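Only heavy atoms go into these numbers, but all of them, side chains included; no hydrogens, no water, no symmetry mates. Bear in mind that the values here come from a model prediction, so they are computed numbers and not experimental data.
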Amino acid sequence: MVCRITTFAFEGVEAQPVDVQVQLTGGQPAFNIVGLGDKAVTESRERVRAALAALGLAMPPKRVIVNLAPADLPKEGSHYDLAIALSILAIMGVIPPDMLEGHAAIGELSLDGRLGETLGVLPAAMAAEALDLKLICPAPCGGEAAWAGGSVLAAPSLIALINHFTGRAVIGPPAAGVLAEPPMGPDLRDVKGQEGAKRVLEIAAAGGHNLLFCGPPGSGKSMLAQRLPGLLPPLSARELLEVSQIQSIAGLLERGRLSRTRPFRAPHHSASMAALVGGGIKAKPGEVSLAHHGILFLDELPEFPAHVLDSLRQPLEEGEAVVARANRHVRYPARFQLVAAMNPCRCGGGPGAAACTKGPKCAQTYQSRLSGPFLDRIDLYYDTPPVTAVDLALPPAAEGTAEVKARVLKARDIQTERFGEITSDQRRPVNADAPTGDIERLAAPDAPGAALLADAAVKLQLTARGYHRVLKVARTIADLDGATGVRRLHIAEALTYRRRAPGQAEGVQADALAR
């Protein structure tokens, strides 16, 4: 006789069904788990044995074989405990074996038989709902699992499940977790001066463009970046589900509390490639995936190791992070908006005491840490000037986050109508993510604008990627203006935010635009 129940193995944010099969055979008493499990799965034997002992039950004096099928799929983590324990209870006759039909289970057992909080419950609940299975999970994760919309059984302990399946005390369905209210973020009105930087921030928010601020210390680069989330629309229902699945895998959902606020991740410049892109022993999601449908802010950009920054090139283009292993590839969604800040040189490059005393060579050496292909993926580049005492003495700006956000939302509505909802490849309905063919058609400039762009493409040495990114920025500027077509002034403004190619003189860009 074989008793079985379904559980799940995780490949990225995808939950793959695993058939847990338990059989009692003759021979010396033993408890074996097979099916390509890692150390945590192997240790499940002791947790299950101790949990049964806490209930006054002993393992059968036979050879117990637990098979996790398919056997060639790697199994990682402690969430297999509950499925193994329930199958053993069924084969022992403690609970009716037929009661496990139509169920899936996920959860970690403590030594006293209680069920502890488990990672990945939301993706597992969605997979169970797709398979028309009722998910059994720990009580602390019930609110998270209920968001999937399927049938959920959230139990505090193993004895509670035994009482439920034997009809002594039925466990009711859990309520979905609370949808957290968006916090009050910092207001753009607090930033004094930097009107040009605010304009660039508005364009970045409206079109989802990557942005790089370059300026001396204290010029407000970080302040501006921290106010970008307040300009963005809340997560849509589909985006919320995608972001919450990643947060569930990473253990960032507290008691099933979901939030429609877009993620804002700001890793330190000492972060490794695995921390930023994803990886490690169990191929966990990195910062780029935790920032999915949100913002990844990299402060002190040149201080990041060059190979770490270059590892962002594929996620920026493809919208996903791929962690390669010898026997598999793990994919995590990573469609984020990159915002970065840097000083002109290592000395700071500001006025007064912060002024650089080493000449232009210092700035050239410092900025050369950033590769050309990486910088080519930056849509907007802006030099933030120093903030003077006169700027700080000015009264608060007339426009704050609320006023700018209204224009951003209006431009986003135009783009949603243009591109539709999120497509199957998770592209956002924003100009920055538009395919090349679409943007050439939708952002085709008028004749003066086309002539300006053609001339600037030669003088500014624009790559093909840079050419199309200028069109995307110009399309966003036109959307903010409410214009149906892209005109010369939109192209001209977009070109002013394009970083000069290495080795160009300071006046080349201005000369190109003047013509």
ask   = Quick one: does Leu119's side chain get under 4.5 Å of Ser248's, heavy atoms only?
value = no

key: Non-hydrogen side-chain atoms of Leu370 and Met342 separated by less than 4.5 Å   = yes

key: Rounded distance (nearest 0.5 Å) linking atom CD of Glu300 with atom OG of Ser222   = 7.5 Å

key: Short N-O contact, Arg262 and Glu239, less than 4.0 angstrom   = yes

inquiry  = Using a 3.5 Å distance criterion without hydrogens, assess whether the side chain of Thr365 forms a donor-acceptor pair with backbone atoms of Lys361.
reply    = yes

message = When you measure from the side chain of Gln415 to the backbone of Ala411, do you find a donor-acceptor pair of N or O atoms at a distance under 3.5 Å?
response = yes

message = Side chains of Gln367 and Arg499 only: does a donor on one sit below 3.5 Å from an acceptor on the other?
response = yes

remark   = The salt bridge (charged side-chain N to carboxylate O under 4.0 Å, His left out) partner of Asp376 among Arg313, Arg498, Arg469 is Arg498

task = Would you confirm whether Thr401, through its side chain, and Leu188, through its main-chain N or O, come within 3.5 Å as a donor-acceptor pair?
result = yes

ask   = Is Asp481 salt-bridged to Arg487, cutoff N-O under 4.0 Å?
value = no

query = Do the side chains of Trp147 and Leu258 get nearer than 4.5 Å, heavy atoms only?
reply = yes

ask   = Distance only, no hydrogens: is a donor on one side chain within 3.5 Å (strictly under) of an acceptor on the other, for Thr476 and Asp479?
value = no

message = Between His209 and Gln337, is the side-chain hydrogen bond (donor to acceptor under 3.5 Å, both in side chains) condition met? List the steps.
response = CA-CA 6 Å; His209 301 287; Gln337 182 176 359; over 6 Å; no

ask   = So, does Glu14 use its side chain to make a donor-acceptor pair with the main chain of Ala9 at under 3.5 Å?
value = no

Side chain to side chain contact (heavy atoms under 4.5 Å, CB included) assessment of Thr261 paired with Leu232 = CA-CA 9 Å; Thr261 303; Leu232 300 177; over 6 Å; no

Side-chain heavy-atom pair Cys137, Thr118 within 4.5 angstrom cut-off = no

ask   = Do Tyr382 side-chain atoms and Lys198 backbone N/O form a donor-acceptor pair below 3.5 Å?
value = no

ask   = Is the shortest distance from a Lys or Arg side-chain nitrogen in Glu254 or Arg257 to a carboxylate oxygen in the other one below 4.0 Å?
value = no

inquiry  = Set out, in order, the CA-CA distance, both residues' side-chain angles and the distance that settles salt bridge (Lys or Arg N to Asp or Glu O under 4.0 Å) for Glu493 and Arg199, then state yes or no.
reply    = CA-CA 11 Å; Glu493 184 176 1; Arg199 168 65 174 173; 2.9 Å; yes

message = So does Ser219 get a backbone contact from the side chain of Thr384, meaning a donor-acceptor N/O pair under 3.5 Å?
response = no

query = Atom CG of Asp299 and atom NE2 of His269: how far apart are they, to the nearest 0.5 Å?
reply = 8.5 Å

message = If I take atom CG from residue Asp438 and atom CZ from residue Arg475, how far apart are they, to the nearest 0.5 angstrom?
response = 12.5 Å

ask   = Run the salt bridge (Lys or Arg N to Asp or Glu O under 4.0 Å) check on Lys282 and Glu11 step by step: do they pass?
value = CA-CA 10 Å; Lys282 296 185 179 181; Glu11 289 188 333; over 6 Å; no

ask   = Is the closest side-chain heavy-atom distance between Leu338 and Leu211 below 4.5 Å?
value = no

task = Find out whether Val322 and Val330 are in side-chain contact, i.e. whether some heavy atom of one side chain is under 4.5 Å from a heavy atom of the other.
result = no

message = Check this for me: does any side-chain nitrogen of one of Arg189 and Glu399 sit under 4.0 Å from a carboxylate oxygen of the other?
response = no

message = Could you check whether Lys472 pairs with Asp379 (Lys NZ or Arg NE/NH1/NH2 to Asp/Glu carboxylate O, under 4.0 Å)?
response = no

ask   = Would Tyr497 and Ile203 count as a side chain to side chain contact (heavy atoms under 4.5 Å, CB included) if you check the C-alpha gap in whole Å, the side-chain angles of each, and the deciding distance to 0.1 Å?
value = CA-CA 11 Å; Tyr497 303 133; Ile203 296 172; 3.6 Å; yes

query = Hey, which of Leu212, Asn210, Leu309 is the one that makes side chain to side chain contact (heavy atoms under 4.5 Å, CB included) with Leu375?
reply = Leu212

ask   = Roughly how far apart are Glu144 CD and Gln245 CD, rounded to 0.5 Å?
value = 10.0 Å

task = Report yes if the distance between the aromatic ring centroids of His79 and Phe10 is under 6.0 Å, otherwise no.
result = yes

request  = Could you grab the distance from atom CG of Asp383 to atom NZ of Lys221, nearest 0.5 Å is fine?
outcome  = 10.5 Å

task = Kindly check if the number of other-residue, nucleotide or ligand heavy atoms within 6.0 Å of CD (Glu317) is above 12?
result = yes

task = Could you tell me whether the side chain of Ile295 reaches within less than 4.5 Å of the side chain of Arg265, counting heavy atoms only?
result = no

ask   = Is there side-chain contact between Leu135 and Phe8, with heavy atoms separated by less than 4.5 Å?
value = yes

inquiry  = Just by distance, no angles: are the side chains of Glu242 and His292 close enough, under 3.5 Å, to form a donor-acceptor pair?
reply    = yes

message = Under a 3.5 Å distance rule, please check whether Lys75 uses its side chain to pair with a backbone N or O of Leu73 as donor and acceptor.
response = yes

request  = Assess whether side chain to side chain contact (heavy atoms under 4.5 Å, CB included) is satisfied between Lys192 and Val390, documenting all intermediate values.
outcome  = CA-CA 10 Å; Lys192 295 186 177 181; Val390 175; over 6 Å; no

query = Is the closest basic N to carboxylate O distance between Glu303 and Arg346 below 4.0 Å?
reply = yes

task = I would like to know whether Asp187 and Arg227 meet salt bridge (Lys or Arg N to Asp or Glu O under 4.0 Å); could you show each step before the answer?
result = CA-CA 6 Å; Asp187 198 288; Arg227 282 150 179 78; over 6 Å; no

request  = Indicate yes or no for a side-chain donor-acceptor contact from Arg335 to the backbone of Glu318 under 3.5 Å, with no hydrogens or angles considered.
outcome  = yes

task = Go through the steps for Val243 and Leu290 under the test side chain to side chain contact (heavy atoms under 4.5 Å, CB included), then give the verdict.
result = CA-CA 8 Å; Val243 170; Leu290 296 175; over 6 Å; no

Approximate separation, where rounding is to 0.5 Å, of Leu241 CG and Leu122 CG = 6.0 Å

